[in-house]
Engineer: 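One structure coming up, written as structure tokens, with questions to follow.
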Protein chains: 2
Amino acid sequence: MLSIGDLSRKTGVKVPTIRYYEQMKLVTAPERSEGNQRRYSIVELERLTFIKHARDLGLKIDAIRELLDLSAHPEQPCADANRIAEDHLAATRDRIAQLQRLEAELVRITEGCHGDSIKDCYVIQSLSDHALCQDGH
Amino acid sequence: MLSIGDLSRKTGVKVPTIRYYEQMKLVTAPERSEGNQRRYSIVELERLTFIKHARDLGLKIDAIRELLDLSAHPEQPCADANRIAEDHLAATRDRIAQLQRLEAELVRITEGCHGDSIKDCYVIQSLSDHALCQDGH
DNA sequence: TTTTGTACCTATAGTTACTATAGATATTAG
DNA sequence: CTAATATCTATAGTAACTATAGGTACAAAA
Ligand SMILES: [Zn+2]
Ligand SMILES: [Zn+2]
Ligand SMILES: [Zn+2]
Ligand SMILES: [Zn+2]
């Protein structure tokens, strides 16, 4: 049996985060020691490893909950699991595209600044006036 | 004089957000009407326009506060303003790079799924096992 | 076996940047 | 003048944690 600290070290999920996941019912409340401390088994280690990996890939808690529910029914078709992953991929791509537009504006803005005084600074001017921008964020 | 609703329409910042910015001292408390409603002038319209644009470009409230402080001193050199913009550009690029790594993994994961049952689903398997991944997020 | 140091417990509040709600008051158009 | 809309304050909710306080459990050394 693993203490919450052991589980934390093995998964890379911080101790308070593990407790938070328990509150959010992402992980079920584990057994307790005589002194009321949490004791985990391999099942819970695997579940938390799954959660950690999904979070690292940027999936939201709700999506992870759905995926965990799905994986409890091994004989069911996996269309829903795939859809969740595809949706997240699409959202990730949208976010990248948006950040790239911002990047382009920020390049333009920083390159326009030649270290003058604030009143002549292109950074400040650009922030004051969106008309100077090339796209519509 | 503009009501808070007028200011909201002209800047695209929602009414509760304007009040929130006042609380956060990003904008100073404006004059009030006889009936205690906020009344704004052009100065405040310009300041909020600046804030909106900076937020749209992804700058954090603290960075915007610094930029506003700087722009109150027109004769000072603009090195700090440029540094804030450059830092934000660097952070934006880091975020893009990270999201692109996630994107690559998500492509691999979704393409590996061929619509079988959950127990054979590559989406579920990939989430369970980071060793299948190509990089280290 | 006792001490000591770390780990653990619960409950609560703080983080970021808002958004939503409720219940009361102000303003404006007809 | 009345009705509709806008505004007011205060408070709570959002996502996903993180930090803190005050107290208890556990494990290894003395
Ligand atoms: Zn400059
Ligand atoms: Zn712009
Ligand atoms: Zn599949
Ligand atoms: Zn991975």
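To find a chain, count down the sequence lines: A is the first, B the second, and so on, and within it residues start at 1.
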Engineer: Between M24(B) and L127(A), is there shared hydrophobic-cluster membership here, with clusters defined by ILVMFWY side-chain heavy atoms closer than 4.5 Å?
Structural biologist: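 Yes.
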Engineer: With the threshold set at under 4.0 Å for non-hydrogen atoms, list the residues of residues 4-31 of chain B touching DNA chain D in residue-number order.
Structural biologist: I4(B), G5(B), R19(B)
Engineer: For I96(B), run the side chain to side chain contact (heavy atoms under 4.5 Å, CB included) check against T92(B), L99(B), D94(B) and tell me which one passes.
Structural biologist: T92(B)
Engineer: Do the side chains of L57(A) and L132(B) join up, straight or via other hydrophobic residues, at under 4.5 Å, putting them in one cluster?
Structural biologist: no
Engineer: Hey, does V13(A) have a side-chain heavy atom less than 4.5 Å from the side chain of S8(A)?
Structural biologist: no
Engineer: Quick check: is F50(A) connected to I84(A) through a chain of hydrophobic side chains (ILVMFWY, heavy atoms under 4.5 Å apart)?
Structural biologist: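 Same cluster: I84(A) reaches F50(A) through Ile, Leu, Val, Met, Phe, Trp or Tyr contacts under 4.5 Å.
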Engineer: Do any of residues 34-64 of chain A sit with a heavy atom less than 4.0 Å from DNA chain C, and if so which?
Structural biologist: N36(A), Q37(A), R38(A)
Engineer: Closer than 4.0 angstrom, basic N to acidic O: yes or no for K52(B) and D56(B)?
Structural biologist: yes
Engineer: Hey, are D69(B) and R65(B) close enough for a salt bridge, meaning a charged N less than 4.0 Å from a carboxylate O?
Structural biologist: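 Between R65(B) and D69(B) there is no salt bridge, as every charged N stays at least 4.0 Å from the carboxylate O atoms.
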Engineer: Does a nitrogen or oxygen in the side chain of S3(B) sit under 4.0 Å from OP1 or OP2 of dT7(D)?
Structural biologist: yes
Engineer: Is R108(A) salt-bridged to E105(A), going by a charged N under 4.0 Å from an acidic O?
Structural biologist: yes
Engineer: Show your reasoning for whether side-chain contact (heavy atoms from CB on, under 4.5 Å) applies to L2(A) and R39(A).
Structural biologist: CA-CA 5 Å; L2(A) 304 167; R39(A) 290 294 177 262; over 6 Å; no
Engineer: Over the length of the helix from dT1(C)-dA30(D) to dG30(C)-dC1(D), how much do the five-pair end axes diverge, rounded to 10 degrees?
Structural biologist: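 For the helix from dT1(C)-dA30(D) to dG30(C)-dC1(D), the axes at either end differ by 10°.
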Engineer: On the 0 to 90° scale, with breaks at 30° and 60°, tag the H137(A)-H53(B) ring pair as parallel, tilted or perpendicular.
Structural biologist: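 Judged by the thresholds at 30° and 60°, the geometry between H137(A) and H53(B) is perpendicular.
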